[in-house]
Colleague: 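Can you keep this structure in mind? I'll have questions shortly.
Here is the naming used below: chain letters follow the sequence lines, and residue numbers restart at 1 for every chain.
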Amino acid sequence: MLERAEMQLATWNINSLTVRLPQVLDWLAANPVDVLGLQELKLVDEKFPHDAFHAAGYQAVSFGQRTYNGVALLSRTPLEEVVRNIPGHDDDQARVIAATVDGPGGPLRVVNGYFVNGQAPGSDKFDYKMRWLQALQEWLRGELDRHPRLVLMGDFNIAPEDRDSFDPVGLAGTIHHTEEERAHFQALLGLGLADAFRLFEQPEKSFSWWDYRMLGFQKNRGLRIDHILVSEALRAQVNACHIDRTPRKNKQPSDHAPVVLHLAA
DNA sequence: ATGTCGACGAATCGTCGA
């Protein structure tokens, strides 16, 4: 039996799987990761393209909804113990899917989330974001007890620090940048999770999202809001973490770039 | 503040969300 040198996981907000399926398949062909978490499917489970992913070597579990939100996990190996949304937290928006996969050194719990955007501080949507983040944190506390080897990935819609924003001064206090959102991000780290991207030296102005407007990508006016957090039990196995900007250069790109995690076998 | 997208309904654009 051939032993894999490494396991790779990735997260990508693809802003409509209906539109972006060809790009996801192209990216997987060039980047044959073991696990991929997708956000903003914007389609119902009945329309999820299982056949296309299966042909590419992936099985998938999805949690979709019409028009908005929707998340999925793709994996080369079986996805077990699938959980949809935050247990005990009543929510009519499809934002979380979690599953257990075989990992290097033992099973790996993968939690994939499309965190609430929150629109603007003071809005009802911001209040919902705060409640959602609180519920996530409380659920993850137990989830980490049950599954010490855990990865939390997704579109967090939070720029954790000033260096994660193209304009930390001008955008101070606005959505993605508020103290309240950043406190929630720190609370997740306080559970024993580490921001895998920051375990390594990274280029300055590394971002994962750029507004479609105003030539955001061309001017690198972006935010780092897509993250992969790893539990303490996994930390020593993290070999690398990087953002792949290449799909953002394509025609008809998602506004987000994939983030990739390398785990040592 | 926003020149872009994408989904939707019911128009071939207006509205919403991001």
Colleague: Okay, side chain of A:Y212, backbone of A:D255: is any donor-acceptor separation there less than 3.5 Å?
Modeller: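 Judged by distance alone, yes, a pair lies under 3.5 Å.
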
Colleague: Using heavy-atom distances to pick each residue's nearest nucleotide on DNA chain B, tell me which of A:T18 and A:Y68 is more 5'.
Modeller: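 The answer here is A:T18.
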
Colleague: Closer to the 5' end of DNA chain B via nearest nucleotide, is it A:K42 or A:W209?
Modeller: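 In this pair, the answer is A:K42.
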
Colleague: Checking all strands, does A:R20 fall into the base, sugar-phosphate, or nothing category for heavy-atom contacts under 4.0 angstrom?
Modeller: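 The residue A:R20 makes sugar-phosphate contact but no base contact.
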
Colleague: Return the value, rounded to whole Å, for the distance between atom CH2 of A:W210 and atom C1' of B:dA18.
Modeller: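 It is 16 Å, rounded to the nearest whole Å.
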
Colleague: Specify the separation, in whole Å, of atom CD1 of A:I14 and atom C1' of B:dA7.
Modeller: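 Distance, rounded to whole Å: 13 Å.
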
Colleague: Hey, does the side chain of A:T67 come within less than 4.0 Å of B:dC16's phosphate (OP1/OP2), counting only N and O?
Modeller: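 Answer is no, no contact under 4.0 Å.
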
Colleague: Please find the pair of heavy atoms, one from A:R224 and one from A:F207, that lie closest to each other, and give the distance.
Modeller: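 Answer, listing the atom of A:R224 first, then A:F207: N-CD2, 3.7 Å.
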
Colleague: Rounding to the closest angstrom, what is the interatomic distance between B:dA10 and B:dG6 at atom P?
Modeller: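 Their P atoms lie roughly 23 Å apart.
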
Colleague: Could you state the atom-to-atom distance from CZ of A:R221 to P of B:dG3 in whole Å?
Modeller: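 Rounded to the whole Å, the gap is 14 Å.
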
Colleague: Looking only at atom P, what distance separates B:dT2 and B:dC16, rounded to whole Å?
Modeller: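 Those two atoms are separated by 15 Å.
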
Colleague: Side-chain N or O of A:Q252 less than 4.0 angstrom from OP1 or OP2 on B:dG6?
Modeller: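 Result: yes.
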
Colleague: Would you list the protein and nucleotides 13-15 of chain B atom pairs, both N or O, that sit under 3.5 Å from each other?
Modeller:
none

Colleague: Specify the residues of residues 114-127 of chain A, ordered by number, for which at least one heavy atom lies under 4.0 angstrom from an atom of DNA chain B.
Modeller: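 Residues of residues 114-127 of chain A under 4.0 Å from DNA chain B: A:Y114, A:N117, A:K125.
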
Colleague: In whole angstrom, give the distance that lies between atom CG of A:N250 and atom C1' of B:dC5.
Modeller: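 These atoms are roughly 15 Å apart.
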
Colleague: Do A:R109 side-chain atoms and A:E143 backbone N/O form a donor-acceptor pair below 3.5 Å?
Modeller: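 Between the backbone of A:E143 and the side chain of A:R109 there is no qualifying donor-acceptor contact (under 3.5 Å).
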
Colleague: Taking all non-hydrogen atoms of both residues into account, name the closest pair between A:A94 and A:G64 and its distance.
Modeller: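 Smallest interatomic distance, heavy atoms only, reads CB-O, 4.0 Å.
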
Colleague: Just by distance, do the side chain of A:R248 and the backbone of A:W210 share a donor-acceptor pair under 3.5 Å?
Modeller: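 Judged by distance alone, yes, a pair lies under 3.5 Å.
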
Colleague: In whole angstrom, give me the gap between the C1' atoms of B:dA11 and B:dA7.
Modeller: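 Their C1' atoms lie roughly 14 Å apart.
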
Colleague: Look at atom CD of A:Q93 and say whether more than 12 heavy atoms of other residues, nucleotides or ligands are closer to it than 6.0 Å.
Modeller: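 Atom CD in A:Q93 is crowded, with more than 12 foreign heavy atoms closer than 6.0 Å.
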
Colleague: A:Q237 side chain to A:P104 main-chain N or O, any donor-acceptor pair under 3.5 Å?
Modeller: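 Yes: the side chain of A:Q237 pairs with the backbone of A:P104.
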
Colleague: Separation of A:I175 atom CD1 from B:dA18 atom C1', in whole Å?
Modeller: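 Whole-Å distance recorded here is 11 Å.
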
Colleague: Can you tell me the distance, in whole Å, between the CZ atom of A:R95 and the P atom of B:dG17?
Modeller: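 These atoms are roughly 12 Å apart.
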
Colleague: When rounded to the nearest Å, what value does the distance between P atoms of B:dT15 and B:dG3 take?
Modeller: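 15 Å, rounded to whole Å.
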
Colleague: To the side chain of A:M214, which of B:dT2, B:dC8, B:dC5 is closest?
Modeller: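 From the listed options, B:dT2 comes nearest.
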
Colleague: Go through B:dT4, B:dA18, B:dA7 for me and flag the one nearest to the A:Y212 side chain.
Modeller: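 Nearest listed nucleotide: B:dT4.
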
Colleague: Report the distance from atom CG of A:N69 to atom P of B:dA7, rounded to the nearest whole Å.
Modeller: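 Value for this atom pair: 13 Å.
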
Colleague: Looking at A:F197, is its backbone amide N or carbonyl O close enough to the side chain of A:Q202 to form a donor-acceptor pair, meaning the two atoms are under 3.5 Å apart?
Modeller: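 Answer holds: yes.
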
Colleague: Tell me whether the side-chain N/O atoms of A:R66 come closer than 4.0 Å to OP1 or OP2 in B:dG17.
Modeller: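 It does not, given that no N or O in the side chain of A:R66 lies less than 4.0 Å from OP1 or OP2 of B:dG17.
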
Colleague: Any donor and acceptor pair, going by atom type alone, linking the side chain of A:Q23 with main-chain N or O of A:K251 inside 3.5 Å?
Modeller: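 Checking the backbone N and O of A:K251 against the side chain of A:Q23, a donor-acceptor pair under 3.5 Å is found.
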
Colleague: side-chain hydrogen bond (donor to acceptor under 3.5 Å, both in side chains), that's the test. Do A:S254 and A:N15 meet it? Break it down for me.
Modeller: CA-CA 6 Å; A:S254 168; A:N15 187 18; 5.5 Å; no

Colleague: I need the CG-P distance between A:L21 and B:dA7, as an integer number of Å.
Modeller: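 Whole-Å distance recorded here is 13 Å.
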
